Student: 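Could you have a look at this structure, given as C-alpha coordinates, before my questions?
What you see is a predicted model; the values in this text were computed from it and never measured.
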There are 2 protein chains.
Amino acid sequence: MIFRGRYEYTIDPKGRVNIPSRFREQLTEAGQESIVITNYSGCIYAYPSAEWERIEEKLASKVSSVNRKKNAFVRFFAGGAVEVTPDKQGRILIPPSLRSYAELGRDVVILGMPNRFEIWDRERWDVEVGRFEKEGFEDPELAREIDSLGI
Amino acid sequence: MIFRGRYEYTIDPKGRVNIPSRFREQLTEAGQESIVITNYSGCIYAYPSAEWERIEEKLASKVSSVNRKKNAFVRFFAGGAVEVTPDKQGRILIPPSLRSYAELGRDVVILGMPNRFEIWDRERWDVEVGRFEKEGFEDPELAREIDSLGI
DNA sequence: CACCTTTCCCCACAATTACCCACTAGGCGC
DNA sequence: GCGCCTAGTGGGTAATTGTGGGGAAAGGTG
(Lines give C-alpha, C1' and ligand atoms only; values in the text may rest on other atoms or scores of the structure.)
Protein backbone atom coordinates (compact mmCIF):
# COMPACT_ATOMS: atom_id res chain seq x y z
CA MET A 1 0.00 0.00 0.00
CA ILE A 2 1.35 3.35 -0.94
CA PHE A 3 0.39 6.54 0.80
CA ARG A 4 0.55 9.84 -0.98
CA GLY A 5 0.72 13.44 0.02
CA ARG A 6 1.87 15.76 2.72
CA TYR A 7 -0.54 17.10 5.30
CA GLU A 8 -0.27 19.51 8.19
CA TYR A 9 -2.13 18.98 11.42
CA THR A 10 -2.04 20.02 15.03
CA ILE A 11 -1.70 17.79 18.05
CA ASP A 12 -4.29 18.70 20.64
CA PRO A 13 -3.52 19.00 24.34
CA LYS A 14 -4.44 15.37 24.83
CA GLY A 15 -1.81 14.21 22.37
CA ARG A 16 -4.15 13.24 19.59
CA VAL A 17 -3.33 13.71 15.88
CA ASN A 18 -5.62 13.46 12.97
CA ILE A 19 -4.88 10.91 10.26
CA PRO A 20 -5.51 12.17 6.72
CA SER A 21 -8.91 10.97 5.60
CA ARG A 22 -7.42 9.57 2.39
CA PHE A 23 -5.12 7.34 4.40
CA ARG A 24 -7.96 6.18 6.62
CA GLU A 25 -9.97 5.39 3.56
CA GLN A 26 -7.14 3.31 2.13
CA LEU A 27 -6.83 1.41 5.39
CA THR A 28 -10.51 0.58 5.68
CA GLU A 29 -10.60 -0.45 2.03
CA ALA A 30 -7.83 -2.90 2.80
CA GLY A 31 -9.87 -4.09 5.78
CA GLN A 32 -7.38 -2.81 8.32
CA GLU A 33 -8.52 -0.75 11.22
CA SER A 34 -5.33 -0.53 13.21
CA ILE A 35 -1.97 1.09 12.71
CA VAL A 36 1.36 0.34 14.31
CA ILE A 37 3.52 3.33 15.10
CA THR A 38 7.15 3.29 16.12
CA ASN A 39 10.20 5.52 16.41
CA TYR A 40 12.76 5.93 13.65
CA SER A 41 15.04 8.51 12.07
CA GLY A 42 13.75 11.38 14.13
CA CYS A 43 10.12 10.88 13.30
CA ILE A 44 7.32 8.40 13.79
CA TYR A 45 6.81 5.59 11.32
CA ALA A 46 3.26 4.39 10.93
CA TYR A 47 2.47 1.07 9.27
CA PRO A 48 -0.80 -0.63 8.46
CA SER A 49 -0.90 -3.46 10.98
CA ALA A 50 -0.59 -6.16 8.31
CA GLU A 51 2.49 -4.50 6.92
CA TRP A 52 3.96 -4.27 10.40
CA GLU A 53 3.41 -7.96 11.00
CA ARG A 54 5.40 -8.69 7.89
CA ILE A 55 8.25 -6.60 9.25
CA GLU A 56 8.00 -8.25 12.63
CA GLU A 57 8.46 -11.65 11.07
CA LYS A 58 11.59 -10.52 9.38
CA LEU A 59 12.89 -9.09 12.60
CA ALA A 60 12.06 -12.25 14.49
CA SER A 61 14.21 -14.29 12.16
CA LYS A 62 17.15 -12.10 13.01
CA VAL A 63 16.66 -11.59 16.71
CA SER A 64 18.08 -14.98 17.57
CA SER A 65 21.33 -13.72 16.21
CA VAL A 66 24.03 -13.14 18.74
CA ASN A 67 24.95 -9.97 16.94
CA ARG A 68 24.62 -7.30 19.61
CA LYS A 69 24.06 -4.41 17.24
CA LYS A 70 21.23 -6.14 15.44
CA ASN A 71 19.63 -6.86 18.75
CA ALA A 72 19.99 -3.25 19.76
CA PHE A 73 18.27 -2.21 16.57
CA VAL A 74 15.40 -4.61 17.08
CA ARG A 75 14.94 -3.49 20.67
CA PHE A 76 14.76 0.10 19.56
CA PHE A 77 12.66 -0.31 16.46
CA ALA A 78 10.27 -3.03 17.50
CA GLY A 79 10.39 -2.08 21.15
CA GLY A 80 9.02 1.34 20.36
CA ALA A 81 6.06 -0.05 18.44
CA VAL A 82 2.54 0.55 19.63
CA GLU A 83 -0.69 -0.51 18.00
CA VAL A 84 -3.29 2.23 17.82
CA THR A 85 -6.75 2.60 16.32
CA PRO A 86 -8.25 5.86 15.15
CA ASP A 87 -11.18 7.18 17.18
CA LYS A 88 -14.52 8.14 15.69
CA GLN A 89 -13.07 11.38 14.35
CA GLY A 90 -10.12 9.62 12.79
CA ARG A 91 -7.46 10.60 15.32
CA ILE A 92 -4.87 8.49 17.05
CA LEU A 93 -3.31 9.03 20.44
CA ILE A 94 0.47 9.20 20.34
CA PRO A 95 1.99 7.78 23.52
CA PRO A 96 4.34 10.09 25.46
CA SER A 97 7.42 7.99 24.70
CA LEU A 98 7.00 8.41 20.97
CA ARG A 99 5.92 12.00 21.28
CA SER A 100 9.10 12.88 23.10
CA TYR A 101 11.32 10.82 20.81
CA ALA A 102 10.09 12.68 17.73
CA GLU A 103 9.92 15.93 19.69
CA LEU A 104 6.41 16.49 18.47
CA GLY A 105 5.26 19.98 19.23
CA ARG A 106 1.87 21.38 18.41
CA ASP A 107 2.31 21.40 14.64
CA VAL A 108 3.09 18.19 12.81
CA VAL A 109 3.50 17.09 9.23
CA ILE A 110 2.28 13.75 7.94
CA LEU A 111 4.02 12.32 4.88
CA GLY A 112 2.86 9.54 2.63
CA MET A 113 5.49 6.95 1.71
CA PRO A 114 5.51 3.53 0.12
CA ASN A 115 4.27 0.98 2.72
CA ARG A 116 4.01 3.51 5.51
CA PHE A 117 3.47 7.09 6.47
CA GLU A 118 5.51 9.29 8.72
CA ILE A 119 4.70 11.83 11.39
CA TRP A 120 7.16 14.69 11.84
CA ASP A 121 7.40 17.67 14.09
CA ARG A 122 6.89 20.59 11.76
CA GLU A 123 10.14 22.36 12.61
CA ARG A 124 12.15 19.19 12.28
CA TRP A 125 10.61 18.57 8.92
CA ASP A 126 11.54 22.05 7.75
CA VAL A 127 15.13 21.38 8.77
CA GLU A 128 15.04 18.05 6.96
CA VAL A 129 13.77 19.64 3.77
CA GLY A 130 16.40 22.35 3.98
CA ARG A 131 19.10 19.75 4.36
CA PHE A 132 17.81 17.80 1.41
CA GLU A 133 17.67 20.81 -0.84
CA LYS A 134 21.19 21.78 0.15
CA GLU A 135 22.93 18.40 0.12
CA GLY A 136 20.72 16.35 -2.09
CA PHE A 137 21.99 17.27 -5.47
CA GLU A 138 25.59 17.52 -4.45
CA ASP A 139 25.75 13.78 -4.11
CA PRO A 140 26.64 12.58 -7.61
CA GLU A 141 25.43 9.05 -7.00
CA LEU A 142 22.03 10.20 -5.84
CA ALA A 143 21.82 12.66 -8.71
CA ARG A 144 22.45 9.84 -11.15
CA GLU A 145 19.79 7.69 -9.57
CA ILE A 146 17.28 10.47 -9.69
CA ASP A 147 18.10 11.00 -13.33
CA SER A 148 17.47 7.34 -14.00
CA LEU A 149 13.95 7.62 -12.63
CA GLY A 150 13.01 9.56 -15.72
CA ILE A 151 10.98 12.10 -13.84
CA MET B 1 2.28 11.51 -23.56
CA ILE B 2 3.69 14.85 -24.58
CA PHE B 3 2.13 18.10 -23.47
CA ARG B 4 2.79 21.20 -25.49
CA GLY B 5 2.47 24.89 -24.95
CA ARG B 6 2.52 27.55 -22.30
CA TYR B 7 -0.67 28.86 -20.75
CA GLU B 8 -1.47 31.52 -18.19
CA TYR B 9 -4.25 31.17 -15.67
CA THR B 10 -5.37 32.55 -12.35
CA ILE B 11 -5.87 30.66 -9.12
CA ASP B 12 -9.15 31.58 -7.55
CA PRO B 13 -9.56 32.30 -3.82
CA LYS B 14 -10.42 28.66 -3.20
CA GLY B 15 -7.10 27.47 -4.61
CA ARG B 16 -8.41 26.09 -7.87
CA VAL B 17 -6.50 26.28 -11.17
CA ASN B 18 -7.73 25.54 -14.61
CA ILE B 19 -6.06 22.84 -16.65
CA PRO B 20 -5.61 23.71 -20.33
CA SER B 21 -8.46 22.11 -22.25
CA ARG B 22 -5.97 20.68 -24.72
CA PHE B 23 -4.27 18.76 -21.89
CA ARG B 24 -7.56 17.56 -20.49
CA GLU B 25 -8.51 16.31 -23.90
CA GLN B 26 -5.26 14.35 -24.16
CA LEU B 27 -5.88 12.80 -20.77
CA THR B 28 -9.41 11.67 -21.49
CA GLU B 29 -8.32 10.31 -24.85
CA ALA B 30 -5.80 8.19 -22.99
CA GLY B 31 -8.57 7.08 -20.65
CA GLN B 32 -7.07 8.83 -17.64
CA GLU B 33 -9.20 11.03 -15.49
CA SER B 34 -6.80 11.75 -12.69
CA ILE B 35 -3.55 13.59 -12.33
CA VAL B 36 -0.85 13.30 -9.70
CA ILE B 37 0.80 16.53 -8.68
CA THR B 38 3.92 16.92 -6.59
CA ASN B 39 6.60 19.43 -5.65
CA TYR B 40 9.90 19.75 -7.44
CA SER B 41 12.43 22.39 -8.41
CA GLY B 42 10.34 25.29 -7.23
CA CYS B 43 7.20 24.42 -9.12
CA ILE B 44 4.50 21.76 -9.28
CA TYR B 45 4.96 18.71 -11.46
CA ALA B 46 1.78 17.18 -12.81
CA TYR B 47 1.72 13.66 -14.21
CA PRO B 48 -1.01 11.57 -15.76
CA SER B 49 -1.72 9.05 -13.02
CA ALA B 50 -0.44 6.09 -15.03
CA GLU B 51 2.83 7.88 -15.65
CA TRP B 52 3.15 8.64 -11.97
CA GLU B 53 2.59 5.05 -11.00
CA ARG B 54 5.52 4.09 -13.15
CA ILE B 55 7.71 6.49 -11.20
CA GLU B 56 6.25 5.36 -7.93
CA GLU B 57 7.27 1.78 -8.54
CA LYS B 58 10.83 2.84 -9.04
CA LEU B 59 10.75 4.93 -5.91
CA ALA B 60 9.28 2.11 -3.88
CA SER B 61 12.15 -0.13 -4.85
CA LYS B 62 14.57 2.35 -3.36
CA VAL B 63 12.79 3.19 -0.16
CA SER B 64 13.67 0.02 1.66
CA SER B 65 17.23 1.21 1.50
CA VAL B 66 18.61 2.61 4.71
CA ASN B 67 20.40 5.27 2.71
CA ARG B 68 19.49 8.48 4.43
CA LYS B 69 19.69 10.68 1.37
CA LYS B 70 17.59 8.41 -0.78
CA ASN B 71 14.99 8.33 1.90
CA ALA B 72 15.08 12.09 2.09
CA PHE B 73 14.47 12.32 -1.61
CA VAL B 74 11.56 9.91 -1.56
CA ARG B 75 10.07 11.68 1.42
CA PHE B 76 10.16 14.94 -0.36
CA PHE B 77 9.18 13.89 -3.84
CA ALA B 78 6.72 11.08 -3.22
CA GLY B 79 5.54 12.61 0.03
CA GLY B 80 4.47 15.67 -1.86
CA ALA B 81 2.38 13.73 -4.35
CA VAL B 82 -1.38 14.03 -4.33
CA GLU B 83 -3.89 12.59 -6.74
CA VAL B 84 -6.44 15.09 -8.00
CA THR B 85 -9.27 14.99 -10.50
CA PRO B 86 -10.51 17.98 -12.44
CA ASP B 87 -13.98 19.24 -11.53
CA LYS B 88 -16.77 19.74 -14.04
CA GLN B 89 -15.15 22.93 -15.28
CA GLY B 90 -11.76 21.31 -15.66
CA ARG B 91 -10.08 22.78 -12.60
CA ILE B 92 -8.06 21.08 -9.92
CA LEU B 93 -7.64 22.07 -6.29
CA ILE B 94 -4.02 22.52 -5.26
CA PRO B 95 -3.52 21.44 -1.65
CA PRO B 96 -2.04 24.03 0.73
CA SER B 97 1.25 22.16 1.14
CA LEU B 98 1.98 22.34 -2.57
CA ARG B 99 0.63 25.83 -2.98
CA SER B 100 3.00 27.10 -0.36
CA TYR B 101 5.97 25.13 -1.65
CA ALA B 102 5.65 26.59 -5.14
CA GLU B 103 4.65 29.97 -3.70
CA LEU B 104 1.71 30.11 -6.04
CA GLY B 105 0.18 33.55 -6.10
CA ARG B 106 -2.82 34.58 -8.14
CA ASP B 107 -1.20 34.26 -11.55
CA VAL B 108 0.30 30.98 -12.65
CA VAL B 109 1.92 29.60 -15.79
CA ILE B 110 1.33 26.07 -17.01
CA LEU B 111 3.98 24.51 -19.20
CA GLY B 112 3.75 21.46 -21.37
CA MET B 113 6.64 19.01 -21.09
CA PRO B 114 7.36 15.46 -22.17
CA ASN B 115 5.55 13.08 -19.75
CA ARG B 116 4.23 15.86 -17.55
CA PHE B 117 3.28 19.47 -17.28
CA GLU B 118 4.37 22.04 -14.76
CA ILE B 119 2.61 24.72 -12.78
CA TRP B 120 4.64 27.79 -11.88
CA ASP B 121 3.98 30.95 -10.01
CA ARG B 122 4.11 33.60 -12.72
CA GLU B 123 6.79 35.72 -11.08
CA ARG B 124 8.97 32.72 -10.35
CA TRP B 125 8.64 31.64 -13.91
CA ASP B 126 9.77 35.03 -15.14
CA VAL B 127 12.83 34.78 -12.92
CA GLU B 128 13.50 31.26 -14.16
CA VAL B 129 13.34 32.32 -17.78
CA GLY B 130 15.62 35.27 -17.09
CA ARG B 131 18.14 33.05 -15.36
CA PHE B 132 18.18 30.57 -18.18
CA GLU B 133 18.72 33.22 -20.81
CA LYS B 134 21.56 34.71 -18.83
CA GLU B 135 23.35 31.59 -17.63
CA GLY B 136 22.12 28.87 -19.89
CA PHE B 137 24.59 29.08 -22.69
CA GLU B 138 27.53 29.91 -20.50
CA ASP B 139 27.65 26.40 -19.15
CA PRO B 140 29.81 24.46 -21.59
CA GLU B 141 28.63 21.08 -20.43
CA LEU B 142 24.98 21.98 -20.84
CA ALA B 143 25.72 23.54 -24.24
CA ARG B 144 27.31 20.29 -25.33
CA GLU B 145 24.40 18.22 -24.11
CA ILE B 146 21.92 20.42 -25.87
CA ASP B 147 23.99 20.21 -29.03
CA SER B 148 23.97 16.46 -28.88
CA LEU B 149 20.19 16.44 -28.93
CA GLY B 150 20.44 17.39 -32.55
CA ILE B 151 17.83 20.08 -32.48
C1' DC C 1 -9.09 1.01 48.95
C1' DA C 2 -8.96 5.90 47.72
C1' DC C 3 -6.91 9.01 44.68
C1' DC C 4 -4.86 10.73 40.67
C1' DT C 5 -3.69 10.34 35.85
C1' DT C 6 -4.32 8.61 31.42
C1' DT C 7 -7.15 6.79 27.86
C1' DC C 8 -11.54 6.11 25.54
C1' DC C 9 -15.95 7.49 23.68
C1' DC C 10 -19.03 10.74 22.78
C1' DC C 11 -20.81 15.44 21.17
C1' DA C 12 -20.28 20.13 19.10
C1' DC C 13 -18.42 23.49 16.28
C1' DA C 14 -15.18 25.45 12.71
C1' DA C 15 -12.81 25.01 8.52
C1' DT C 16 -12.20 22.97 4.22
C1' DT C 17 -13.57 20.61 0.16
C1' DA C 18 -16.80 18.72 -3.40
C1' DC C 19 -20.41 19.50 -6.28
C1' DC C 20 -23.34 22.38 -8.44
C1' DC C 21 -24.88 26.41 -11.37
C1' DA C 22 -24.14 31.08 -13.48
C1' DC C 23 -21.84 34.65 -15.85
C1' DT C 24 -18.49 36.60 -19.17
C1' DA C 25 -15.45 36.83 -23.12
C1' DG C 26 -13.83 35.28 -27.31
C1' DG C 27 -14.07 32.40 -31.64
C1' DC C 28 -16.72 30.66 -35.42
C1' DG C 29 -20.33 29.88 -38.75
C1' DC C 30 -24.35 31.68 -40.81
C1' DG D 1 -24.03 41.57 -37.00
C1' DC D 2 -26.18 37.78 -34.49
C1' DG D 3 -26.51 33.58 -32.27
C1' DC D 4 -24.18 29.62 -30.63
C1' DC D 5 -20.54 27.14 -28.63
C1' DT D 6 -16.54 26.61 -25.73
C1' DA D 7 -13.19 28.04 -22.30
C1' DG D 8 -12.21 30.36 -18.19
C1' DT D 9 -13.74 32.51 -13.77
C1' DG D 10 -16.57 33.21 -9.68
C1' DG D 11 -19.59 31.87 -6.08
C1' DG D 12 -23.44 29.26 -3.23
C1' DT D 13 -24.50 25.30 -0.66
C1' DA D 14 -24.11 20.80 1.25
C1' DA D 15 -21.12 17.37 2.85
C1' DT D 16 -16.92 16.04 4.72
C1' DT D 17 -12.91 16.79 7.48
C1' DG D 18 -10.34 18.77 11.37
C1' DT D 19 -10.23 20.59 16.22
C1' DG D 20 -11.55 21.11 20.94
C1' DG D 21 -13.46 19.54 25.11
C1' DG D 22 -16.60 16.99 28.66
C1' DG D 23 -17.17 13.09 31.20
C1' DA D 24 -16.93 8.00 31.93
C1' DA D 25 -13.90 4.07 32.18
C1' DA D 26 -9.42 2.06 32.98
C1' DG D 27 -5.02 1.82 34.95
C1' DG D 28 -1.30 2.99 38.13
C1' DT D 29 0.35 4.46 42.90
C1' DG D 30 0.67 5.21 47.76
Student: Ignoring backbone atoms, test whether B:Arg106 places a side-chain nitrogen or oxygen under 4.0 Å from the OP1 or OP2 oxygen of D:dG10.
Tutor: yes
Student: What is the bend of the helix from C:dC1-D:dG30 to C:dC30-D:dG1 when you compare the axis at one end with the axis at the other, using five pairs each and rounding to 10°?
Tutor: 20°
Student: Spell out protein contact along nucleotides 25-30 of chain D as letters: B when the base is contacted, S when just the sugar-phosphate is, - when no protein heavy atom is under 4.0 Å; keep the 5' to 3' order.
Tutor: ------
Student: Under the salt bridge (Lys or Arg N to Asp or Glu O under 4.0 Å) test against A:Arg54, which residue among A:Glu57, A:Glu56, A:Glu51 passes?
Tutor: A:Glu51
Student: Between D:dT19, D:dG8, D:dG18, which one does the side chain of A:Arg24 approach most closely?
Tutor: D:dG18
Student: Does the side chain of A:Val84 come within less than 4.5 Å of A:Leu93's, by heavy atoms?
Tutor: no
Student: Report whether B:Phe117 and B:Trp125 are members of the same hydrophobic cluster (ILVMFWY, side-chain heavy atoms less than 4.5 Å apart, transitive linking).
Tutor: no
Student: Between A:Ser97 and A:Asn39, is there a side-chain heavy-atom distance shorter than 4.5 Å?
Tutor: no
Student: Hydrophobic clusters here meaning ILVMFWY residues chained together by side-chain heavy-atom distances under 4.5 Å, can you tell me if B:Tyr9 and B:Phe3 are in one?
Tutor: yes
Student: For DNA chain C, what residues of residues 11-20 of chain A have any heavy atom nearer than 4.0 Å?
Tutor: A:Lys14, A:Arg16
Student: Would a single hydrophobic cluster contain both A:Trp120 and A:Tyr7, if residues Ile, Leu, Val, Met, Phe, Trp and Tyr are joined by side-chain heavy-atom contacts under 4.5 Å?
Tutor: no
Student: Does any residue of residues 81-104 of chain B have a heavy atom under 4.0 Å from DNA chain C, and if so, which ones, in number order?
Tutor: B:Lys88, B:Gln89, B:Arg91, B:Leu93, B:Pro96
Student: Under 4.5 Å between side-chain heavy atoms, counting indirect links through other Ile/Leu/Val/Met/Phe/Trp/Tyr residues: same cluster for A:Phe76 and A:Ile94 or not?
Tutor: no
Student: Answer yes or no: is there an ion pair linking A:Arg144 with A:Glu141, defined by an N-O contact shorter than 4.0 Å?
Tutor: no
Student: Taking the side chain as every heavy atom from C-beta outward, state whether A:Asn18 and A:Arg24 have any pair of such atoms under 4.5 Å apart.
Tutor: yes
Student: What is the first contacted nucleotide of DNA chain C and what is the last, in 5' to 3' order, if contact means an atom lying under 4.0 angstrom from a heavy atom of chain B?
Tutor: C:dT17 to C:dA22
Student: Under 4.5 Å between any side-chain heavy atoms of A:Val109 and A:Arg122, yes or no?
Tutor: yes
Student: Could you work out, with ring pair (Phe, Tyr, Trp, His ring centres under 6.0 Å) as the rule, every residue matching A:Tyr45, not counting sequence neighbours?
Tutor: A:Tyr40
Student: Hydrophobic clusters here meaning ILVMFWY residues chained together by side-chain heavy-atom distances under 4.5 Å, can you tell me if A:Val36 and A:Val108 are in one?
Tutor: no
Student: Do the ring centers of B:Trp52 and B:Phe77 come within less than 6.0 Å of each other?
Tutor: yes
Student: For residues B:Asn71 and A:Met113, determine if any side-chain heavy atom of one lies less than 4.5 Å from a side-chain heavy atom of the other.
Tutor: yes
Student: Taking OH from A:Tyr9 and P from D:dG20, how many angstroms apart are they, rounded to a whole number?
Tutor: 14 Å
Student: Could you check whether any side-chain heavy atom of A:Leu104 comes within less than 4.5 Å of a side-chain heavy atom of A:Ile44, counting everything from C-beta outward?
Tutor: yes
